[in-house]
Amino acid sequence: MGRASLSVLILLTIGFFFATYNLVAMIMHYRSVGKWADDDSDGQMFLDPVTEMPEDVKKAKNTKMPFHVALTATDAPYSKWQCRIMYYWYKKKKDLPGSEMGGFTRILHSGKPDNLMDEIPTTVVDPLPAGLDQGYVVLNRPWAFVQWLEKASIEEEYILMAEPDHVFINPLPNLARGGLPAAFPFFYIKPADHESIIRKYYPEEKGPVTNVDPIGNSPVIIKKELLERIAPTWMNISLKMKKDQETDKAFGWVLEMYAYAVASALHDVQHILRKDFMVQPPWDLATGKNFIIHYTYGCDYNLKGELTYGKIGQWRFDKRSYLGGPMPRNLALPPRGVPESVVTLVKMVNEATANIPNWDTE
């Protein structure tokens, strides 16, 4: 199908999705559960609860496999300052030994350029038609990727789908192997616990619900050709899930994550699960050899260094404290006793804000 034809199809899909959408049946596949797989990045082992890594995939790579870093973003001040910190650390880690990071694109789904175009490599795409996201801005993410993949011309064979609140703490290699994408397993994505809902989108003839990985779309390292197949389905299922009241209520703010997991399973795409892909303070206490800090949770502590999660602490770091503009430079470090992951996060944020020109610009 040509690009023009694909564009027409996508627009028709958005306009008439709920009247015309049909899931294409795929060939059933089976998975081995609870197998050990080699982690050739540090010689250790990890448990992959979804799929056994094939023997030929376990072998160490002989050549580098660079991947393109892509993240979706809005033009809101809250999104902008996160993107600036993320891009700062991408540049710091990109060329270090062990890194396979290639180019970088911020996919801006506001429909118009903003004041970061010269600072961060950016492609502007359209938001969903007014009202279609029902106030759930994340619903624009799959549509943004569909548009970007159609127009993008990138050298890399692989893509890392990242988010603005990611900070690279170690050089990131390509964790995908033999055509299998790599993803981070989220403890709160539990397809088997929502079987009746998942079956609305993943029919029984496709196989067990456990075929749906416990993941979202980010972080994921995946071949571009696979993502090109998955992205339209991901978009359509996201829209369908949001329209269904039962699904919307059950999945809430992680609805789009479930949509990506289901879309991947419909295309018979399995993911290698990598718990070392990222850490999430304050629950993960140390950064270790992990690759990304995801600072989605608030970090609240008293002055004794004790976590007061759910209650504003005497010391706190929470990205939502800065919805209207960039956080100040030189944030106070946490009290003694606070986990290393939180200390590292604040130090890295401080370094970035100290070195990014015109940091106070919204």
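These values consider heavy atoms only, across backbone and side chains, with no hydrogens, waters or symmetry-generated copies. Because the structure is a prediction, the values reported are computed rather than measured.
At a threshold of 4.0 Å, the pair Lys206-Asp268 counts as salt-bridged, since one of the basic side-chain nitrogens sits closer than that to a carboxylate oxygen. Looking at Glu246 and Lys200, a side-chain N of the basic residue comes within less than 4.0 Å of a carboxylate O on the acidic one, giving a salt bridge. Under the 4.0 Å criterion applied to side-chain N and carboxylate O atoms, Glu119 and Arg84 are assigned as salt-bridge partners. The existence of a salt bridge linking Lys319 and Asp165 is confirmed by a sub-4.0 Å separation between a basic side-chain nitrogen and an acidic carboxylate oxygen. Salt-bridge annotation for Asp75 and Lys112: present, with a side-chain N of the basic residue lying under 4.0 Å from a carboxylate O of the acidic one.
With hydrogens and angles disregarded, no donor-acceptor distance shorter than 3.5 Å links the side chain of Asn290 to the backbone of Phe277. One N or O on the side chain of Lys64 and one on the backbone of Ser99 form a donor-acceptor pair closer than 3.5 Å.
Ring orientation note: the planes of Phe251 and Tyr258 are close to parallel, at an angle under 30° on the 30°/60° scale. Ring geometry for Trp283 versus Tyr297: interplanar angle over 60°, hence perpendicular rather than tilted (30 to 60°).
In this structure, Tyr78 has its ring center no closer than 6.0 Å to that of Tyr322. Outside the 6.0 Å centre-distance limit, the rings of His294 and Phe184 are not counted as a close aromatic pair. When ring centroids are compared, Tyr260 and Trp234 come within the 6.0 Å threshold. The aromatic ring centres of Tyr188 and Trp253 sit less than 6.0 Å apart.
Judged purely by distance below 3.5 Å, without hydrogens or angles, the side chains of Thr74 and His109 never pair a donor atom with an acceptor atom. Between the side chains of Glu351 and Tyr88, at least one donor N or O lies within less than 3.5 Å of an accepting N or O. Using modelled atom types, one finds a donor on one side chain and an acceptor on the other under 3.5 Å when comparing Arg141 with Thr72.
Remark: Thr287 OG1 to Asn170 CG distance equals 7.0 Å, nearest 0.5 Å. Atom CD of Gln280 and atom SG of Cys299 lie 11.0 Å apart (nearest 0.5 Å).
Checked options Val137, Ile237, Asp133, Val138; the residue passing with Glu256 is Val138 (criterion: side chain to side chain contact (heavy atoms under 4.5 Å, CB included)).
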Verdict with reasoning, Lys224 to Glu157, per salt bridge (Lys or Arg N to Asp or Glu O under 4.0 Å): CA-CA 6 Å; Lys224 180 186 175 187; Glu157 185 181 3; over 6 Å; no

